[in-house]
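Written below as structure tokens is the structure these notes are about.
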There are 2 protein chains.
Amino acid sequence: MKSEQEEQYVPKATAKRLPVYYRCLKKLADTGVKRIKSQEISELTQIPSATIRRDFSHFGELGRSGYGYEVDYVVEVFHEILNVNKIINIALVGVGNIGKALIANNFRRDDNMKITCAFEKNEEESGKILSGVPIYSVAQMKSVLSRENIHVAISTVPSEHSQESINMLVDSGITSILNFAPGRVVVPSTVDIRYIDLTGEILTLVYYDGKLLPPIIKNK
Amino acid sequence: MKSEQEEQYVPKATAKRLPVYYRCLKKLADTGVKRIKSQEISELTQIPSATIRRDFSHFGELGRSGYGYEVDYVVEVFHEILNVNKIINIALVGVGNIGKALIANNFRRDDNMKITCAFEKNEEESGKILSGVPIYSVAQMKSVLSRENIHVAISTVPSEHSQESINMLVDSGITSILNFAPGRVVVPSTVDIRYIDLTGEILTLVYYDGKLLPPIIKNK
DNA sequence: ATCTTTTTGTGATAAAAATCACATTAAAAT
DNA sequence: ATTTTAATGTGATTTTTATCACAAAAAGAT
């Protein structure tokens with residue numbers, strides 16, 4: 001039974017894993033699996049079962065001792081938590097290679113999020129419609145975003161103009177940003193920004209790989 | 001002074017930040033900045049100065065009291081640490097929208113990494129050459145990768161076939177993988193895999209936005 | 001019913017990461 | 001040369017995250 005003073009504090013580390021859980025359980029539910037235990041979720045997600053149980057515990061007592069979790073029920077709970085019922089309209093800034101690929105893809109298998117408009121500096125692109133997504137000029141950003149009440153954006157604008165582009169987004173009422181330019185930009189504390197840093201990921205991957213290959217000095 | 005032996009373990013959290021530092025300092029060096037203090041790096045990277053100093057300290061005493069850091073020198077050190085001198089050849093699996101965008105982009109501003117070959121199931125694509133990158137059939141994977149001695153790969157193969165594709169990569173000698181399919185796959189402990197999960201990022205962003213959780217960054 | 005088995009949820013503990021705060025060192029000023 | 005100022009590097013501490021390990025609860029077996 002859920003306690004009355006639930007909804008306390010959810011650790012950031014737990015929040016990061018929520019989409020992983022949701023996807024995993026959704027897939028199970030769709031396959032017709034009715035019942036699952038933390039140990040099995042662990043095998044599917046590569047997250048230790050103790051961590052899974054601890055994470056789940058932040059949202060109430062979702063399972064039953066000696067039984068496990070009712071898949072449908074837990075999916076329902078996570079569905080609620082992540083607001084998957086509400087449609088998220090996303091604005092895209094920067095219609096280059098990556099931007100175009102994102103539009104073409106447009107979260108096809110995620111029915112609750114969609115890029116609904118895009119902005120591009122290059123005048124040759126603006127005015128066009130790609131895969132049903134209208135490309136506007138950056139000058140139109142503020143009016144379009146406020147009119148359509150969008151507050152989530154993805155920026156694929158190159159580093160040199162990243163800060164500039166993010167400033168405009170913030171000024172247009174955007175509060176959540178995913179930035180493909182890895183250079184850190186300054187935003188007000190009311191705005192949340194995350195970075196997708198491909199080069200950085202590769203560098204750290206290789207950094208660890210280099211550390212693992214030779215006679216390891218991994219003591220403690 | 002720190003002994004060579006002590007320069008052993010670098011925390012994962014620090015390793016993740018290394019590319020951010022490197023990029024920031026490189027940019028400063030290129031702009032002609034000769035000297036910088038942790039406080040200023042903090043403003044540029046949004047990472048607290050104490051964290052920066054602690055991170056740097058894992059690689060020796062890079063700075064001087066009452067002065068700060070010699071930009072050129074620190075860049076040199078990070079350059080060495082991250083092996084930026086060594087060229088990283090990357091294999092790409094899955095030449096769809098995202099795959100094509102990655103090839104077209106091909107880490108243009110990062111002169112030490114490059115997609116040098118790609119693999120695609122669809123027979124219509126294989127045999128072609130895109131932006132100088134040859135597209136092979138997946139059947140050729142093992143021979144091409146061992147011949148070219150590549151051990152880093154990016155997979156943009158959709159979730160349904162993700163595990164299958166990663167199995168082939170591992171079998172072909174790949175040890176570092178960046179996977180654009182967010183569903184967790186199983187790999188041997190000798191292989192390092194990271195995930196780029198756009199949908200997940202958006203979901204957590206919006207989750208926090210709903211919670212109006214304060215993303216406090218203290219610069220000091 | 002009763003017993004055995006299973007698996008949760010969570011106190012307790014450990015490990016990792018972030019942060020504080022300042023002695024120490026070096027630079028800059030006088 | 002001496003004093004003042006500045007900023008590092010790091011012990012100490014706090015906070016966050018992960019893990020252990022098991023009593024309690026529920027399921028399933030007999």
Side-chain angles (χ1 to χ4, degrees), chain A residues 1-3 5-6 8-18 20-21 25 28 33-71 73-74 77 204 208 211 218-220, chain B residues 1-3 6-18 20-21 25 28 33-71 73-74 77 204 208 213-220:
Chain A
M1 169 141 184
K2 281 188 187 181
S3 78
Q5 62 106 259
E6 66 184 283
Q8 341 106 356
Y9 175 70
V10 177
K12 284 180 206 290
T14 297
K16 265 197 188 172
R17 284 185 292 260
L18 294 180
V20 177
Y21 296 138
L25 292 161
L28 287 165
V33 178
K34 289 295 172 205
R35 171 186 170 173
I36 197 153
K37 51 187 169 180
S38 61
Q39 183 55 243
E40 293 166 322
I41 304 178
S42 172
E43 273 149 33
L44 293 168
T45 59
Q46 312 283 297
I47 297 165
S49 62
T51 303
I52 292 168
R53 292 199 301 282
R54 176 77 67 192
D55 283 344
F56 282 21
S57 77
H58 290 101
F59 306 100
E61 302 198 348
L62 307 185
R64 281 138 69 198
S65 299
Y67 177 90
Y69 301 89
E70 205 83 57
V71 177
Y73 173 65
V74 183
V77 171
T204 47
Y208 276 121
K211 286 272 167 294
K218 189 182 167 187
N219 59 356
K220 47 183 271 179
Chain B
M1 183 170 165
K2 183 174 262 197
S3 82
E6 275 178 302
E7 206 185 299
Q8 10 97 339
Y9 177 70
V10 177
K12 283 182 205 293
T14 297
K16 265 197 186 173
R17 284 185 293 261
L18 294 181
V20 177
Y21 295 139
L25 292 161
L28 287 167
V33 178
K34 290 295 172 204
R35 171 185 171 174
I36 197 154
K37 50 188 169 181
S38 61
Q39 179 57 244
E40 293 165 324
I41 303 177
S42 172
E43 273 148 33
L44 292 168
T45 59
Q46 312 284 297
I47 297 166
S49 62
T51 303
I52 292 168
R53 292 200 302 280
R54 176 74 70 193
D55 283 344
F56 282 20
S57 77
H58 290 101
F59 306 101
E61 303 198 348
L62 307 185
R64 280 137 70 197
S65 299
Y67 177 91
Y69 301 89
E70 206 84 55
V71 176
Y73 173 65
V74 183
V77 171
T204 47
Y208 277 122
L213 205 135
I216 302 156
I217 292 144
K218 272 192 284 185
N219 285 328
K220 225 197 99 187

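Letters go in sequence order (proteins before strands), and every chain restarts at 1.
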Length of the line joining [X]:[atom1] and [N]:[atom2], which is rounded to integer Å:
X        : N       : atom1 : atom2 : result
Asp55(A) : dT16(D) : CG    : C1'   : 13 Å
Leu18(B) : dA17(C) : CG    : C1'   : 15 Å
Ile47(B) : dA18(C) : CD1   : P     : 9 Å
Lys16(A) : dT17(D) : NZ    : P     : 9 Å
Lys12(A) : dA18(C) : NZ    : P     : 12 Å
Ile52(B) : dT19(C) : CD1   : P     : 11 Å
Phe56(A) : dT10(C) : CZ    : P     : 14 Å
Phe59(A) : dT8(C)  : CZ    : C1'   : 17 Å

**OP:** Just call it for Ser38(A): base, sugar-phosphate, or nothing, with non-hydrogen atoms closer than 4.0 Å on any strand.
**Re:** sugar-phosphate

Sorted by number, residues from residues 62-71 of chain B placing a heavy atom under 4.0 Å from DNA chain D are Leu62(B), Gly63(B), Arg64(B), Ser65(B), Gly66(B), Tyr67(B), Gly68(B), Tyr69(B)

From [options], nucleotide with atom closest to [X] side chain:
X        : options                   : answer
Glu61(B) : dT19(C), dT10(D), dA18(D) : dT10(D)
Arg53(A) : dT17(D), dA7(D), dT10(C)  : dT10(C)
Ala13(B) : dG9(C), dA18(C), dT8(C)   : dA18(C)

Here the gap from Ile41(B) atom CD1 to Tyr69(B) atom OH, rounded to the nearest 0.5 Å, amounts to 6.5 Å

Separation between CG (Leu18(A)) and CZ (Phe56(A)), nearest 0.5 Å, reads 9.0 Å

Strictly distance-based, threshold 3.5 Å: is any side-chain N or O of Arg35(B) a donor or acceptor partner for the main-chain N or O of Gly68(B)?
no

- prompt: Is there a donor-acceptor pair under 3.5 Å between the side chain of Glu40(B) and the backbone N or O of Lys37(B)?
  reply: yes

Exercise. Mark yes or no for a side-chain to base donor-acceptor pair under 3.5 Å between Arg54(A) and dT19(D), with no hydrogen or angle criteria applied.
Key: yes

Note: for Arg17(A) and Arg35(A) on DNA chain D, the residue whose nearest nucleotide lies more 5' is Arg17(A)

Any Thr51(B) side-chain nitrogen or oxygen under 4.0 Å from OP1 or OP2 of dA17(C) | no

